[in-house]
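Below you'll find the structure, written out as structure tokens, and then a few comments.
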Amino acid sequence: MQASTYGSVKGNSVFGVQQQRRVLGFGESRRTSAGLRNLCMTHRSAGCGGLRLSSAAMGAKLASLGRGFDGISMTSLKARSVKAQASDADGDIENLVPPRTWVKSSGIVLPYVGVACLGAILFGYHLGVVNGALEYLSKDLGIAENVALKGWVVSTLLAGATVGSFTGGTLADKFGRTRTFQFDGIPLTIGAFLCATAQSVEQMIVGRLLAGIGIGISSAIVPLYISEISPTEIRGALGSVNQLFICVGILGALVAGLPLSANPLWWRTMFGIAIVPSVLLALGMAVSPESPRWLLQQGKISEAEKAIKTLYGKERFTEVMHDLTSASHGSAEPEAGWFDLFSSRYWKVVSVGASLFLFQQLAGINAVVYYSTSVFRSAGITSDVAASALVGAANVFGTTIASSLMDRQGRKSLLLISFAGMAASMLLLSLSFTWKVLAPYSGTLAVTGTVLYVLSFSLGAGPVPALLLPEIFASRIRAKAVSLSLGMHWISNFVIGLYFLSFVNKFGISSVYLGFSAVCLLAVLYIAGNVVETKGRSLEEIERALSIAT
């Protein structure tokens with residue numbers, strides 16, 4: 001998301017060494033077969049699953065495999081080194097596939113990515129719309145004094161999103177990516193309509209629940225669809241657009257709330273606005289190409305060929321078709337079930353996906369956003385709109401920078417930089433509340449720490465997990481594994497939203513922020529040891545490389 005000849009894949013289930021080198025970019029043609037065997041044995045004795053495998057050793061290993069590459073070994077995920085015995089063969093996993101010279105293509109992918117990102121906009125919009133509208137809808141629905149019911153109005157969305165995120169993978173596997181988007185338009189549209197026309201708190205809660213199910217499905221299939229249709233050389237940039245449009249949706253909700261002070265009934269229009277992108281998403285997906293990978297898995301060869309020509313152009317049809325069929329050729333395994341995700345074959349890599357989203361939430365992003373208004377007030381910024389705009393602008397700016405760096409800097413390095421920056425920012429925030437020597441500058445430091453934290457988050461911890469997970473999951477488990485990881489996101493989000501203020505009241509904001517800083521440091525250590533770099537490599541190349549040691 002390319003290799004050589006399509007016809008050779010259809011005729012042979014076992015590639016020769018030279019062909020496998022061409023598929024994965026290995027170019028050491030000068031080594032003899034005896035040398036290959038000796039080098040592979042050397043690496044096997046040293047732990048052949050490490051990341052620093054020589055290209056010759058990898059080629060020999062590939063030649064010995066007579067099956068489809070569908071498994072993922074955690075040893076390939078470990079960011080440990082195994083020193084190569086050949087002096088010219090040392091390199092990280094990201095260097096196993098040297099950069100390609102990409103053929104200029106006449107394919108069209110950006111409009112379809114844009115349609116998918118309507119789901120990301122709705123994700124952000126439904127998260128943010130209740131913040132400004134809650135006070136006004138509470139008065140209209142007669143729950144202004146009922147804190148519990150107001151809490152239900154807010155949190156029901158997260159509960160629905162948890163259900164939707166687990167449902168999205170199953171629907172995407174059964175009906176396809178584009179059809180699932182069309183189905184998703186139903187709860188998104190009905191949910192927004194019920195909220196906009198609510199005459200009782202029960203109707204509002206049902207509407208929020210349906211909208212939550214809708215954004216939960218979107219959160220799972222938007223990054224999945226984008227990763228599967230995007231050309232390899234720009235997949236990182238296009239994948240990070242998902243997070244950018246989530247930020248745009250949140251900002252859109254903030255802007256939509258500006259007329260509230262002059263028109264208290266405007267909250268109904270705010271919820272009703274979400275109907276428009278919901279309908280456009282369903283209509284747009286009716287004319288968008290299906291994921292070629294899913295089509296091939298379903299045996300729909302002619303439809304897959306048409307989708308490839310649309311997305312990648314006729315110029316790259318042969319190499320893309322070769323890559324996709326070589327990844328799935330010879331695999332007679334049935335579609336993965338939910339319990340397969342917990343098998344020894346897949347669980348370790350699935351746990352990486354779940355852990356990344358767990359770290360993302362436990363690092364405190366939502367808590368910082370929830371508490372930012374109070375932090376800014378301590379610095380003399382009394383306008384909620386100004387505080388929210390500053391945080392939102394930092395988020396959008398950082399995500400834009402991340403989009404430009406994703407395919408150059410790489411996913412793993414951005415994650416490390418991001419969590420390290422978040423740890424430092426959280427430490428600064430914690431100290432600004434406790435160190436007396438910093439008391440004269442506490443307000444300024446608190447604002448600076450908050451903005452730097454959000455900026456650091458948007459550089460990696462925000463956009464990378466949703467982009468990286470579809471890349472490292474095998475095609476057989478991709479949709480369900482992404483759904484499981486997103487389920488972890490929504491569950492942890494719900495728990496933090498529920499207990500954050502209780503922890504602040506019990507331990508103090510400084511101690512809580514210090515705890516967030518410690519979580520960020522743990523994330524840095526975990527990522528360094530367990531996450532692979534995937535930039536510049538097609539999904540099939542990544543899957544094959546991660547399967548080598550199985």
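In this view, F183 and F175 satisfy the ring-ring contact (aromatic ring centres under 6.0 Å, His included) rule, not counting sequence neighbours. In terms of the salt bridge (Lys or Arg N to Asp or Glu O under 4.0 Å) criterion, residue partners of K139 (sequence neighbours excluded) are, by chain and number, E135.
A heavy-atom distance below 4.5 Å is found between the side chains of L356 and V531. Inter-residue side-chain proximity for F473 and L224 is flagged as unmet; no heavy-atom pair is nearer than 4.5 Å. Two residues are said to be in side-chain contact when any heavy atoms from C-beta on lie closer than 4.5 Å; S165 and S219 meet this criterion. A 4.5 Å side-chain heavy-atom check between I221 and R177 finds every atom pair outside the cut-off.
Between the side chain of E228 and the backbone N or O of S291 there is no donor-acceptor pair closer than 3.5 Å. Remark: the backbone N or O of G169 is paired with a side-chain donor or acceptor of S483 at under 3.5 angstrom. Between the side chain of D184 and the backbone N or O of T180 there is no donor-acceptor pair closer than 3.5 Å. Using a distance-only test at 3.5 Å, with no hydrogens or angles considered, a donor-acceptor pair links the side chain of S240 to the main chain of A237. No donor-acceptor pair under 3.5 Å is formed between the side chain of Q182 and the backbone N or O of L283. Side-chain N or O atoms of S218 include none that pairs as donor or acceptor with a backbone N or O of I215 at under 3.5 Å.
The two residues F419 and F359 come nearest to each other via the heavy atoms CE2-O, 3.9 Å. In terms of heavy-atom proximity, P289 sits nearest to T310 at CG-CG2, 4.4 Å. In this structure, P187 and L210 approach most closely via the heavy-atom pair CB-O, 3.5 Å. Of all heavy-atom pairs between Y526 and S351, the closest is OH-O, 3.8 Å.
The pair E233-R408 fails the salt-bridge criterion, with no side-chain N (NZ, NE, NH1 or NH2) lying under 4.0 Å from an Asp/Glu carboxylate O.
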Should F342 and W347 be marked as a ring-ring contact (aromatic ring centres under 6.0 Å, His included) after you check the CA-CA gap, both sets of side-chain angles, and the distance that decides it? CA-CA 5 Å; F342 302 95; W347 169 241; 5.5 Å; yes
Worked verdict on T399 versus Q243 for side chain to side chain donor-acceptor pair (under 3.5 Å): CA-CA 7 Å; T399 305; Q243 179 68 22; 5.1 Å; no
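Residue-environment remark: CZ (R268) exceeds the threshold of 12 foreign heavy atoms within 6.0 Å.
In this pair, Y513 and F516 present their aromatic rings tilted. The plane angle is within the 30 to 60° band.
Using a 3.5 Å distance cut-off with no hydrogens or angles, the side chains of S261 and W266 do not pair a donor with an acceptor. Inspection of the E145 and S138 side chains reveals no N or O donor paired with an N or O acceptor under 3.5 Å.
In this structure, CZ on F245 lies 8.0 Å from CG on L118, to the nearest 0.5 angstrom.
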